[in-house]
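Everything below concerns the one structure shown next.
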Amino acid sequence: MKVILPDGKELELADGASGLDAARAIGPKLAEQAVLVKVNDEPADLRLPLPDGARIRFLTTRDREDPDALYVLRHSTAHLLAEAVRRLHPGVKVAIGPPIENGFYYDFDFPAAITDADLEPIEQELQQLIAEGRTWSRDEITRDEAKARFAAEGEPYKVELVDTAEGGISLYTQGAFTDLCRGPHLQDAKPIKAVKLTSLAGAYWRGDSTKAQLTRIYGTAFFTQADLDTHLARLEEARKNDHRRLGRQLDLFHFSELSPGSPFWHPRGMVVWNVLEDLRRSENAARGYVEVRTPQIYDKELWVTSGHWEKYREHMFTFQAEEREYGLKPMNCPGHCALYSDGAWSYRDLPIRMAEAGNLHRNELSGALHGLLRVRMFAQDDAHLFVTPEQVEDEVLGCLDFGYAIYDRLGLDIKVELSTRPENKLGTDEEWDRAEAALAQALARKGLEYQVNAGDGAFYGPKIDLHMRDSLGRGWQIGTVQLDFQLPQRFGLTYQGADNVEHTPVVIHRALIGSFERFIGILLEHTGGELPVWLAPEQVRLVPVGEGHRGIAAALHDRLAAAGVRVGVDQRDETIGRRIRDAEMLRVPHVIVYGDRDSEDALPVRSRGREGVRTLSLDALVSELATL
RNA sequence: GCCGGAGUAGCUCAGCUGGCAGAGCAACCGCCUUGUAAGCGGUAGGUCACGGGUUCGAGUCCCGUCUCCGGCUCCA
């Protein structure tokens, strides 16, 4: 048999030769340093036989930043972690331990609870295993053999994993530890030069909150200590961009125990909010949306009709007044349906694009709250489009266009996901076929790449989700475009068709900025607080040099403000250096020191992210700000 | 909600095995009168999250509650 190397040369090998055999045939150094072999671009274990004619490429310890190589390194480290934990905590049961984006974890069922203080001895034990030396061997056995083996070892989680594993059963053994595992793994532990156990967490077995809660140990590993140091330094840097920290530093908002999960917006934060709100309103107007305003609280009856009382009640704030039961709205849709049902509509009226950025309250689980990114009170750039089935695709495309007008303006990197029919769906397969096709078609027309999340759709219809990441790489949903066949039926919504028959409209739920809270939070993390000038709470700050310059600074202030610039004057009796520093700390984009040397024809403008001081006339500055 | 950690001045934090509650910044009052990232001095500021317990004595140890942080679940 033969395989093809990256340079196009062919390599002759004995039948059944493994990746390691191929590496040895190329050179002993390669064989020693090889971490995994890519077979036709798919990562594979070195110990496995190569298919005849495959294109192969080796990744070695020198590919220390390659995600596939790091994956293998971390996967093997996870196995070492399990061995170390078993040594220190006899009686522990092991569950599952995969590599993840920036490291790995392993889930354990400890006989007695452990705490953070237990991590260090475990890490030392893990280092000890590496020092002792470990090599991995791979065995394939039958399902029954595997079950018998793990049952004998008293590892019920492993037995369950064997039951649900797909394909052949393989085991990897290092030292005194054997794990059910698909691989690939390192040849030995030598490449693991840097390990750190980072945290402890609870995690439900199989991700199911009705099942046992296990103890998850997170860690990370690298091919060099320097890479680990860089990684930790980067995390520390990211911490500085945490929007909760920036919110306080920039005086934008704060949280209080008096109302967990609901931000207090400060004046400066409210400026940012209102600029976004202006954008929302003007874009809506330009795109044929109409603004409405619907109640905050509704009789229980509305929520029963919409289905929320049954499906969502524990996440709603409810209360009684005069013996009626009310619910505070967690979303605008039922209110918009109620508004729609007040009229009699013709197909000529559709599409109706109904927008409202109303306050919403959701009783999120206390443990899920996360700064501005997960709150109990928020407002979305929400809209509901009442459309005919024929209009769905065009309207979805219009929503995507709308969204990308905003995202592109901010230079945001959006990840698109299409979520399709779940198991507990309502409606027929034919309806879902049409709806999913309409969404896919709109995405194709917009030229967007997307990931399909099969089965992740809402029970009432498929959806397009638009995600962004925070400074630590955690993903958050920003926008969403959802089709809904159910709500219009539940509310008995109709329009008169051209055929003089009543039809049921389709509802498109749509939010593009998503919640203003989350959007501002993510923007802060992405910009490190340096919001684009058009969003900055204060765009220009004037610093009069001495007391004698205050009058003219005030006059300049008024002229800039009249030109629509958000401008402030720092009249404090502090040094110039001090006042500049404070403006920089607040990330004010432009600072102008004004004294005897200056005039409105020649202002010294110190601009964020730009070396030195520019000299600009007042008019030039105003027109520069106007183009943003 | 669940697992682990944390909560000390407005903010960031120190306070060891229990023994008089601290620093820097901010605030306030003076001095200085400023030219591109922190001028100098002084003053004031605390129910050590809240409630209970152990102890001669609790910020420190124990129990409960709340909130926050990291995860898990959830995000209709």
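These numbers were taken from a predicted model, which means no experiment stands behind them.
Counted by atom type alone, A:S617 and A:D601 present zero donor-acceptor pairs between their side chains at under 3.5 Å.
Among B:G4, B:G35, B:G71, the nucleotide with an atom closest to any side-chain atom of A:D116 is B:G4. Taking only side-chain atoms of A:P260, from C-beta outward, the nucleotide of B:G71, B:G35, B:U67 with the closest atom is B:U67. In this structure, the nucleotide among B:A76, B:U73, B:G35 sitting nearest to the side chain of A:L365 is B:U73.
Pairing of B:U67, defined by two Watson-Crick or G-U wobble distances under 3.5 Å, is identified with B:A6. Here B:U17 sits opposite no nucleotide as a Watson-Crick or G-U wobble pair (both hydrogen-bonding atom distances under 3.5 Å). Across all strands shown, B:G57 has no partner, as no Watson-Crick or G-U wobble contact with both distances under 3.5 Å is found. Using N1 to N3 plus N6-O4 or O6-N4 for Watson-Crick, or N1-O2 and O6-N3 for G-U wobble, each under 3.5 Å, B:C28 pairs with B:G42. With a 3.5 Å ceiling on both atom-pair distances, B:U34 lacks any Watson-Crick or G-U wobble partner.
Within residues 569-580 of chain A, the residues approached by RNA chain B to less than 4.0 Å at the level of any non-hydrogen atom are A:D573, A:E574, A:T575, A:I576, A:G577, A:R578, A:I580, in residue-number order.
Straight-line distance between the P atoms of B:G10 and B:C31: roughly 28 Å, to the nearest whole Å. B:G35 and B:G39 have their C1' atoms separated by 15 Å, given to the nearest Å. With C1' as the reference atom, B:U34 and B:C40 are 14 Å apart, rounded to whole Å. B:A21 and B:U33: their P atoms are spaced 43 Å apart (whole Å). One C1' atom belongs to B:C61, the other to B:C16, and the distance between them is 15 Å to the nearest Å. Taking atom C1' on both nucleotides, B:G30 is separated from B:A37 by 26 Å, rounded to a whole Å. Taking the P atoms as reference points, B:A49 lies 8 Å from B:G7, given to the whole Å. Distance noted for atom P between B:C29 and B:C48: 29 Å (whole Å).
Here A:R248 lies in heavy-atom contact (under 4.0 Å) with sugar-phosphate atoms only. A:H308 comes within 4.0 angstrom of a nucleotide base, judged by non-hydrogen atoms across all strands. Contact annotation for A:Y460: backbone-only contact, meaning every heavy-atom pair under 4.0 Å involves sugar-phosphate atoms and none involves a base. Using a 4.0 Å heavy-atom distance criterion, A:R216 is classed as a sugar-phosphate-only contact. In this structure, A:R206 reaches neither bases nor backbone, as no heavy-atom distance under 4.0 Å exists between it and the strands shown. When heavy atoms are screened at a 4.0 angstrom cut-off, A:F459 is found touching the sugar-phosphate backbone but no base atom. Contact annotation for A:G207: backbone-only contact, meaning every heavy-atom pair under 4.0 Å involves sugar-phosphate atoms and none involves a base. Within 4.0 Å (heavy atoms only), A:S366 reaches at least one base atom of the nucleic acid. Residue A:A458 is in sugar-phosphate contact alone, with no base atom involved, counting any heavy-atom pair closer than 4.0 Å across all strands shown. Across all strands, A:I114 comes closer than 4.0 Å only to sugar-phosphate atoms, never to a base (heavy-atom distances). Contacts of A:A201 with the nucleic acid, taken as non-hydrogen atoms under 4.0 Å apart, include base atoms.
Applying the side-chain hydrogen bond (donor to acceptor under 3.5 Å, both in side chains) test to A:Y157 and every residue at least two apart in sequence or in another chain returns A:D109. For the side-chain hydrogen bond (donor to acceptor under 3.5 Å, both in side chains) test, residues two or more places apart in sequence or in another chain that qualify with A:D470 are A:R474, A:W476.
Judged by atom type and distance alone, A:D596 does not reach the base of B:G35 through any side-chain donor-acceptor pair under 3.5 Å. Donor-acceptor pairing under 3.5 Å, judged by distance alone, is present between the side chain of A:R606 and the base of B:A37. On a pure distance criterion of 3.5 Å, a polar donor-acceptor pair joins the side chain of A:R374 and the base of B:C74.
Ring-plane geometry between A:F253 and A:H243 is classed as tilted, the angle between the planes lying from 30 to 60 degrees on a 0 to 90 degree scale.
Checked against A:Y298 for a ring-ring contact (aromatic ring centres under 6.0 Å, His included), the options A:W309, A:W303, A:Y326, A:F319 give a single hit: A:W303.
Rounded to an integer number of Å, the gap from A:K240 NZ to B:C11 C1' is 17 Å. Atom OH of A:Y204 and atom C1' of B:C3 are 8 Å apart (whole Å). Atom P of nucleotide B:A76 and atom CG of A:D382 are separated by 13 Å, given to the nearest angstrom. B:U34 atom P lies 20 Å from atom CG of A:D582, rounded to whole Å. For the pair A:R610 CZ and B:A37 P, the interatomic distance rounds to 17 Å; values are reported in whole Å. To the nearest angstrom, P of B:C68 lies 13 Å from CD of A:E364. Nucleotide B:G1 holds its P atom 8 Å from the CZ atom of A:R376, rounded to whole Å. Straight-line distance from the OH atom of A:Y312 to the P atom of B:C75: 9 Å, rounded to whole Å.
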What verdict does the salt bridge (Lys or Arg N to Asp or Glu O under 4.0 Å) test give for A:E584 and A:R581, after you've listed the backbone C-alpha separation in whole Å, the side-chain angles of each residue and the deciding distance to 0.1 Å?
CA-CA 5 Å; A:E584 297 274 345; A:R581 177 171 196 274; over 6 Å; no
Could you give me the CA-CA distance, side-chain angles and deciding distance for A:R239 and A:E236, then say whether salt bridge (Lys or Arg N to Asp or Glu O under 4.0 Å) is met?
CA-CA 5 Å; A:R239 229 175 61 82; A:E236 188 56 34; 3.5 Å; yes
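Taking only side-chain nitrogens and oxygens, A:R362 never comes nearer than 4.0 Å to OP1 or OP2 of B:A76. Listed pair A:Y218 / B:C72 meets the phosphate criterion, a side-chain N or O lying under 4.0 Å from OP1 or OP2. Between A:R244 and B:G70 there is a side-chain N or O to OP1 or OP2 distance below 4.0 Å. Put simply, A:H549 has no side-chain N or O that comes within less than 4.0 Å of OP1 or OP2 on B:G35.
The cationic atom of A:R74 (NZ for Lys, CZ for Arg) does not lie both less than 6.0 Å from the six-membered ring centre of A:F104 and within 45° of the ring axis. Remark: A:R362 fails to qualify as a cation-pi partner of A:F317 under the 6.0 Å distance and 45° angle criteria applied to the six-membered ring.
Taking the centre of each ring, A:Y106 and A:F108 come in below the 6.0 Å mark. Residues A:Y460 and A:H509 place their aromatic rings such that the two centres sit under 6.0 Å apart.
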